Amino acid sequence: MQETPPNTAVRRVVIAGGGTAGWMAAAGISRTLGPMLDIVLVESDEIPTVGVGEATIPTLVTFHRALGLDEREFMAATQATFKLGIRFADWKARGEEYVHSFGTTGKDHWSAGFQHFWHRGRARGLAGDYGDYCLELRAALEDRFAHLPENGLNYAFHMDAGLYARYLRRFSESHGVRRIEGRIAEVQADRASGNIEALVLASGERIEGDLFIDCTGFRGLLIEQALGVGYEDWSHWLLCDSAIAVQTASVGPAVPYTRSTAREAGWQWRIPLQHRVGNGIVYASRYIDDAQARETLLANLQGERLVEPRTIRFRPGQRERTWHGNCVALGLASGFLEPLESTSIHLIQRGIIRLLQLFPAAGIRQTDVDEYNRQSREEIESIRDFVILHYKVTDRDDTPFWRACREMQVPDSLAHRIALFADSGRVFREGFELFAENSWVQVMLGQGLVPRSHHPTADLMDDAELSRFLGQIRERVARTLAQLPAHETYVRGYCPAAPV
């Protein structure tokens, strides 16, 4: 355990770097603790941001509500559309698809999830597709959306990441955050304590602080280059290490889901916004070179290219500690998981909320630092396992990449989950895990993992009762679905964005 020397109360917060991570941190901290802090954000217009985290998950809706943001205003400002899940194509096998939706499927019993009743119904010829019992999944496939009473439809957003950072900048500055333009030339640390004392800009300006938040992206300018905190590499489980991103013109109505299509040595994303479509390919450079990946991406685009494709290198993994001394790393500076399940912005959001819950107003205490790091590690490792699941459980063996994925050893925590579900259909959510039982069930079934048995509670219903139970759920989904308008129509009426 690294000891943190006692220090003074935290009043001056310095955020190094802008982009999504920096401005989300500025917004969250200023909205919550702004009156008691002096908050400065340092960023340089010379340094580009990655800016491809444009698909989100429902936790962002909660974050925005906590900030008091107006949803219509946010969506119009960021050219946003709604998202009900992710449509996976060619992951289990070529030509097969499934949807990981944000909804709840069916109706659980306290002793057993809905999948057990569905499994028995399927075996008896009484059940339809698993997705037929989930409103969000059916609405996604039929391109429908509307806000329903009592949060009856779980959703997230597709949005322009660059516009999102600008929107949060305006919000943050209205809550007292000061932005300083400049490139960080030096990070000055106290030799005795190891804590950061100040950032020195290329202009010579010196910015002192009590707490520093590293949002400098993959560089990890503070957490790694200045403080030397190491990095835990997960590339033996997550083989992809590169991405190419490009934007295209829209050629049809925006659908309420992200599309993920498996390719020869990775996968391709498609994210529909109001004014354009975000596209990209994530791939393993040891199995396919940049030229081949670019060719694959460009051959599978729809609509006119709006920008030149750009290549991004990454190393999947996490910091050994995301809070060290008086520095907290957020976003890419803290670690990286490929955007397969749209968790990048969620991890930024969770890091901010966790910091606010453990905020060191009276001075940094090692117990708070240790708790922050414990929770951060537990959460990202559970997400890591969920992402690895998509690669490990597959019928594909048509390329060296997919054969390597099928044959690789996975973390013990994931191996146990897979074996437990294969044996009994059981899934349990623990601790700070993001993904609930239904997410694991949807992906495991979608990837072709069918349980060998079900919970005995499902056997208490005879065929007539089980058929009636399943039929009522399916009919309720279909009845609600029929009342929903087209997604494109709803967006145009709810949050139309100005032309770009």
Side-chain angles (χ1 to χ4, degrees), residues 57-58 61 82-88 92 96-156 255-257 386 420-422 424-429 434-487 490:
I57 59 177
V61 176
F82 292 101
K83 176 185 173 185
L84 294 171
I86 305 172
R87 189 170 186 172
F88 290 94
K92 174 185 181 293
E96 295 195 32
E97 291 191 349
Y98 71 93
V99 175
H100 170 207
S101 75
F102 295 143
T104 299
T105 302
K107 184 178 179 181
D108 295 340
H109 184 267
W110 69 265
S111 66
F114 174 76
Q115 71 269 18
H116 297 278
F117 300 90
W118 174 83
H119 183 270
R120 182 173 182 272
R122 194 75 164 171
R124 305 288 294 174
L126 305 174
D129 291 337
Y130 188 71
D132 290 348
Y133 305 91
C134 176
L135 176 60
E136 286 82 355
L137 191 149
R138 295 306 312 168
L141 291 177
E142 296 198 20
D143 299 345
R144 295 174 179 268
F145 183 85
H147 288 90
L148 295 181
E150 299 179 354
N151 301 316
L153 198 64
N154 295 291
Y155 64 90
V255 296
Y257 56 83
F386 192 63
L420 182 66
F421 185 79
S424 63
R426 293 186 174 98
V427 178
F428 295 96
R429 186 181 190 178
L434 166 63
F435 292 105
E437 180 179 0
N438 192 50
S439 290
W440 286 92
V441 172
Q442 287 182 98
V443 173
M444 287 197 277
L445 289 177
Q447 295 286 140
L449 186 63
V450 179
R452 287 183 280 272
S453 65
H454 55 260
H455 194 280
T457 298
D459 294 323
L460 297 177
M461 289 185 179
D462 61 28
D463 283 2
E465 290 175 308
L466 183 59
S467 179
R468 185 163 55 251
F469 169 71
L470 294 171
Q472 288 173 346
I473 296 172
R474 194 173 183 178
E475 289 169 12
R476 186 163 58 247
V477 168
R479 189 165 56 248
T480 305
L481 181 65
Q483 299 172 9
L484 299 179
H487 172 250
Y490 192 82

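Count residues from 1 along the sequence. Since the model is a prediction, treat every value here as computed from it, not as a measurement.
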Using modelled atom types and a 3.5 Å cut-off, is there a donor and acceptor pairing between side-chain atoms of [X] and backbone atoms of [Y]?
X: H487; Y: F82; value: yes
X: H455; Y: H116; value: no
X: R120; Y: L466; value: no
X: D462; Y: A464; value: yes
X: E136; Y: N154; value: yes
X: Y133; Y: G128; value: yes

Pairwise distance CG(L481) to SG(C134) - rounded to 0.5 angstrom: 11.0 Å
Rounded to the nearest 0.5 Å, how far does CG of L420 lie from CZ of F428? 6.5 Å
So salt bridge (Lys or Arg N to Asp or Glu O under 4.0 Å) across residues 439-458, not counting sequence neighbours, yields D423-R452
For Y155, the option from Y257, F102, F145 that meets ring pair (Phe, Tyr, Trp, His ring centres under 6.0 Å): F145
How close do [X] and [Y] get, counting heavy atoms only, and between which atoms?
X: A146; Y: L484; value: CB-CD2, 3.8 Å
X: L460; Y: E465; value: O-OE1, 3.9 Å
X: S111; Y: T457; value: OG-OG1, 2.9 Å
X: L434; Y: R429; value: O-NH2, 2.8 Å

Is there a side-chain contact (heavy atoms from CB on, under 4.5 Å) between F117 and K107? Walk through the geometry before answering. CA-CA 9 Å; F117 300 90; K107 184 178 179 181; over 6 Å; no
Does the ring center of W440 lie less than 6.0 Å from the ring center of F386? yes
If you apply the rule side-chain contact (heavy atoms from CB on, under 4.5 Å), what do you find for L84 with L153, and how did you get there? CA-CA 8 Å; L84 294 171; L153 198 64; 4.0 Å; yes
Residue pairs, two or more places apart or on separate chains, that pass side-chain hydrogen bond (donor to acceptor under 3.5 Å, both in side chains) and touch residues 467-484: D132-R474
What residues form a salt bridge (charged side-chain N to carboxylate O under 4.0 Å, His left out) with E96, not counting sequence neighbours? K92
Quick one: salt bridge (charged side-chain N to carboxylate O under 4.0 Å, His left out) partners of R426, sequence neighbours excluded? none
Which is it for R122 and Y130 under the side-chain contact (heavy atoms from CB on, under 4.5 Å) test, yes or no, and what are the steps along the way? CA-CA 9 Å; R122 194 75 164 171; Y130 188 71; over 6 Å; no
How far apart are the C-alpha atoms of Y490 and R144, what are their side-chain angles, what is the distance that settles it, and do they pass the side-chain contact (heavy atoms from CB on, under 4.5 Å) test? CA-CA 8 Å; Y490 192 82; R144 295 174 179 268; over 6 Å; no
Checking H119 now: which residues fulfil side-chain hydrogen bond (donor to acceptor under 3.5 Å, both in side chains) with it, not counting sequence neighbours? H454
Please set out all donor-acceptor pairs under 3.5 angstrom arising from side-chain atoms of residues 441-451, sequence neighbours excluded.
unit_1	atom_1	unit_2	atom_2	d
Q442	OE1	S101	N	3.1
Q442	OE1	S101	OG	3.0
Q442	NE2	S101	O	3.1
Q442	NE2	N438	O	3.4
Q447	OE1	Y98	OH	2.7
Q447	NE2	H390	O	3.0
Q447	NE2	V393	O	2.7

